[in-house]
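Step one of this worksheet: look at the structure below.
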Protein chains: 2
Amino acid sequence: MHVTLRQLKVFETVAQLSSFTRAAEALFLSQPTVSMQVKQLSEAVEQPLFEQLGKKIFLTDMGRELHATCREMFDTWSRFEMTAADMKGLKRGRLRLACVSTAKYFIPRLLGPFCDRYPGIDVQLEVANRDAVVERLAKNQDDLYIMGMPPQHFDIALHPFLDNPLIPIAPANHPLANKKRVPLKRFAEEQMLLRERGSGTRMATERLFRDHGIVIKARMEIGSNEAIKHAVAGGLGVTVISTHALTLEPLHGQLVVLDVEGFPIRRSWYVVHPGNKKLSVVAKTFFEYLQSEAPQHLQESIALPPHRTVRTTPGKRNG
Amino acid sequence: MHVTLRQLKVFETVAQLSSFTRAAEALFLSQPTVSMQVKQLSEAVEQPLFEQLGKKIFLTDMGRELHATCREMFDTWSRFEMTAADMKGLKRGRLRLACVSTAKYFIPRLLGPFCDRYPGIDVQLEVANRDAVVERLAKNQDDLYIMGMPPQHFDIALHPFLDNPLIPIAPANHPLANKKRVPLKRFAEEQMLLRERGSGTRMATERLFRDHGIVIKARMEIGSNEAIKHAVAGGLGVTVISTHALTLEPLHGQLVVLDVEGFPIRRSWYVVHPGNKKLSVVAKTFFEYLQSEAPQHLQESIALPPHRTVRTTPGKRNG
DNA sequence: ATCGATCATAGTTTTTAATCTATGAAAAAA
DNA sequence: TTTTTTCATAGATTAAAAACTATGATCGAT
């Protein structure tokens, strides 16, 4: 069985992109070259790796197996490259991060100083909603994942690194704006704007109400925190949102935080990775950076709308 | 960084054999070819991989790291090969086993039918004493390990698959031969023949006496069960031995099992592998074969010397 | 001092991997 | 039907990997 790394690389790209043609483009090769590489590999394995149904190609069982093997081998190699670079004194390599959409408000603030400190590390940040990030985690597509609600049902390692309070907000002129200790039940009577299904913020909100046996009426599902804030400011309803999503410049003065029983919902941001995965030097570096630097880089950056200030608990909590 | 699998293969061989010349022989290459491959690899890594002190070569830190990487990559690949072979219908591949010396009496009996059933599987059996097997385990040199006393202090998965009673034996004309319920203390006064240090049988024996606060006088250390049996038959003393080591033809009638308090020492044979290791299909197959077939293949094959029959407990136990 | 073992280097040859262009075949899209 | 998209095949070329022989350097052993 004679196989070359080149063949594996080309095959992996094809598998990734589900296309010979696009793999060729990605690798700056002609399409026949790609076909040839895959063919030779397939001959070495003595089994077809792809099957073609109409225009699309699909991995065969054998192809899937080989693809996993490729990823594992390249992963091993790139971990070595990073370790080698590390041994030579410089931190170099790629860090692939995925974070849920609400985290996009503060992750870049952390990434900035991190990239300054380690100019050799090239960071890729993927932003998606909670379910999509969990799926990436399941497929092992990134090094580390940032989320507020880590999945329970599979083997992961997780560390809380930052508080993530969720608070109720309303338009500035809302009748509840000046009330103290509004009962949760009263708040639930408001028109509620929720994030889309699969959002971690939404899951936490729904759980709070469910735990109190309260049914809420969702007026609208909105797939973005920015859009929700504007909807709230526009008087369409109220919502529950992470303090981190309140970057207030554009909406200054148009939103207030309500004083509702049961709030803030106290949660943490977690950094997560598959439990059995060996982290690269680079991933470890970022991991440690998060643990040690996240609080001070963000302490001052959380600014809240007027009328009330939410106490965010200092330090970390376990969830 | 341009690296080929060939380079890695050659490097791995050199690292393994600690010699360029030996590696060249093993790979049917000329020595300069090997030098060249290693040199190119070392240039790709931009660091020396070996250092030479006198005639001998040693891996540098970087070399050690790369060696581990190689092994991991080839391991991944060979797992794929086996899976691939398996997917093609025939179970094919290599099974590397290591067992402690006492297990060599019955493991071949299991291997026979196994090889018959899976003619495509090529089995390599390494036999050594308990400590040496543990060392192989630590170095991840084999697929599965058979032993009676699995190590406690590192992460392994283990399954008992067969009872392993240890019994006291003596020459046929021994004064204790016809006694019933001999006290352990009395037995300990006999001249005791022990296996060498690092033997599992010896560890279990010593533990029994230690647990009863009895100090034994070892007359002799003997590095093999066969030799010990002959020594006992020759009247040099008594010993404690696994029933599996009593393949009796040559010594029929010359040995008796004593009826001593505290015996038989009830232990199990375990099949063991590193806890985090993904087993190959072949290894899994043998693993399952052991669990399901070991008892019936060996039920009848344990024959004991006359005078007493030791009850071996049916089924498995956990240890 | 000499010999033998071991690895390195140089120079060359062989082999084969990798690539391209041109073209064909199959199936979906127009 | 015609066109377009996508992958496969053929044939030829280029690049480079991999191998060898011959020789040199180093160090320990004789």
Side-chain angles (χ1 to χ4, degrees), chain A residues 1-64 66-67 70 73-74 77, chain B residues 1-64 66-67 70 73-74 77:
Chain A
M1 227 196 208
H2 200 207
V3 167
T4 69
L5 282 176
R6 182 73 179 155
Q7 285 164 12
L8 295 178
K9 181 76 215 159
V10 170
F11 165 75
E12 192 209 14
T13 309
V14 175
Q16 196 85 40
L17 301 177
S18 289
S19 158
F20 285 65
T21 307
R22 269 179 296 154
E25 287 162 8
L27 296 167
F28 304 103
L29 294 174
S30 70
Q31 168 265 310
T33 300
V34 171
S35 286
M36 194 50 86
Q37 294 284 357
V38 172
K39 190 186 173 194
Q40 284 169 358
L41 189 53
S42 151
E43 275 163 5
V45 173
E46 296 177 306
Q47 291 276 293
L49 299 171
F50 293 101
E51 56 184 343
Q52 191 163 4
L53 296 178
K55 281 188 169 181
K56 292 214 166 104
I57 58 168
F58 298 90
L59 285 167
T60 60
D61 283 355
M62 184 67 75
R64 231 184 314 284
L66 181 57
H67 186 213
C70 283
M73 288 176 76
F74 288 126
W77 183 254
Chain B
M1 225 196 218
H2 201 209
V3 167
T4 69
L5 282 176
R6 183 72 180 158
Q7 285 164 11
L8 295 179
K9 180 76 218 161
V10 169
F11 165 74
E12 192 209 14
T13 308
V14 174
Q16 196 83 42
L17 301 176
S18 289
S19 158
F20 285 64
T21 309
R22 243 23 70 59
E25 286 162 7
L27 296 168
F28 304 103
L29 294 173
S30 70
Q31 169 264 310
T33 300
V34 171
S35 286
M36 195 47 87
Q37 294 283 357
V38 172
K39 189 186 174 196
Q40 283 170 358
L41 188 54
S42 150
E43 276 164 4
V45 172
E46 294 176 305
Q47 291 276 294
L49 300 171
F50 293 101
E51 55 184 345
Q52 192 161 3
L53 294 179
K55 280 190 171 179
K56 292 219 165 90
I57 59 168
F58 299 89
L59 283 168
T60 60
D61 283 354
M62 185 65 79
R64 232 184 314 284
L66 182 58
H67 187 213
C70 282
M73 288 178 76
F74 287 127
W77 182 254

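Hydrogens, waters and symmetry mates play no part in the numbers below; they use all other heavy atoms, side chains included. So that the names make sense, note that chain A is the first sequence line, chain B the second, and so on, each numbered from 1.
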Side-chain N or O of A:Gln31 versus OP1/OP2 of C:dC20: is the shortest distance under 4.0 Å? no
Does a side-chain N or O of A:His2 approach OP1 or OP2 of C:dA17 to a distance below 4.0 Å, or not? yes
D:dT5 OP1/OP2 closer than 4.0 Å to side-chain N/O of A:Thr21: no
Distance-only polar pair, side chains of B:Gln31 and B:Ser35, donor-acceptor under 3.5 Å: yes
Spacing between B:Leu49 atom CG and C:dC7 atom P, to the nearest angstrom: 15 Å
Given B:Phe11, which partner from the list B:Val45, B:Leu66, B:Val34 fulfils the side chain to side chain contact (heavy atoms under 4.5 Å, CB included) test? B:Leu66
Looking at every strand, decide which applies to B:Arg22 at a 4.0 Å heavy-atom threshold: base, sugar-phosphate, or nothing. sugar-phosphate
A:Leu29 or A:Pro32, whichever maps to the more 5' nucleotide of DNA chain C: A:Leu29
Residue-phosphate contact under 4.0 Å: B:Gln37 side-chain N/O, D:dA18 OP1/OP2: yes
A:Arg6 vs C:dT19: side-chain N/O to OP1/OP2 distance below 4.0 Å: yes
Expressed in angstrom and rounded to an integer, what is the separation of B:Glu43 atom CD from C:dA8 atom P? 12 Å
Nearest-angstrom distance from the residue atom CZ of B:Phe11 to P of D:dA18: 16 Å
Can you tell me if B:Ser30 touches the phosphate of D:dA19, counting only side-chain N or O atoms and a distance under 4.0 Å to OP1 or OP2? no
Donor-acceptor under 3.5 Å (B:Thr13 side chain, B:Ala23 main chain): no
Which whole-number value in Å describes the distance from B:Leu41 CG to D:dA17 P? 13 Å
Side chains of B:Lys9 and B:Glu12: closer than 4.5 Å at any heavy-atom pair? yes
d(CE, A:Met36; P, D:dG11) in whole Å: 11 Å
What integer distance in Å separates A:Glu25:CD from D:dT5:P? 12 Å
D:dA17 OP1/OP2 closer than 4.0 Å to side-chain N/O of B:Thr4: no
Could you state the atom-to-atom distance from CD1 of A:Ile57 to C1' of C:dA27 in whole Å? 15 Å
Would you say D:dC7 has OP1 or OP2 under 4.0 Å from some side-chain N or O of A:Ser35? no
Is there a side-chain contact between B:Val3 and A:Trp77, using heavy atoms and a 4.5 Å cut-off? yes
Contact class for A:Lys39 (heavy atom, under 4.0 Å): base, sugar-phosphate, or nothing? sugar-phosphate
Measure CG/B:Leu8 against C1'/D:dA17 and give the value in whole Å, please. 14 Å
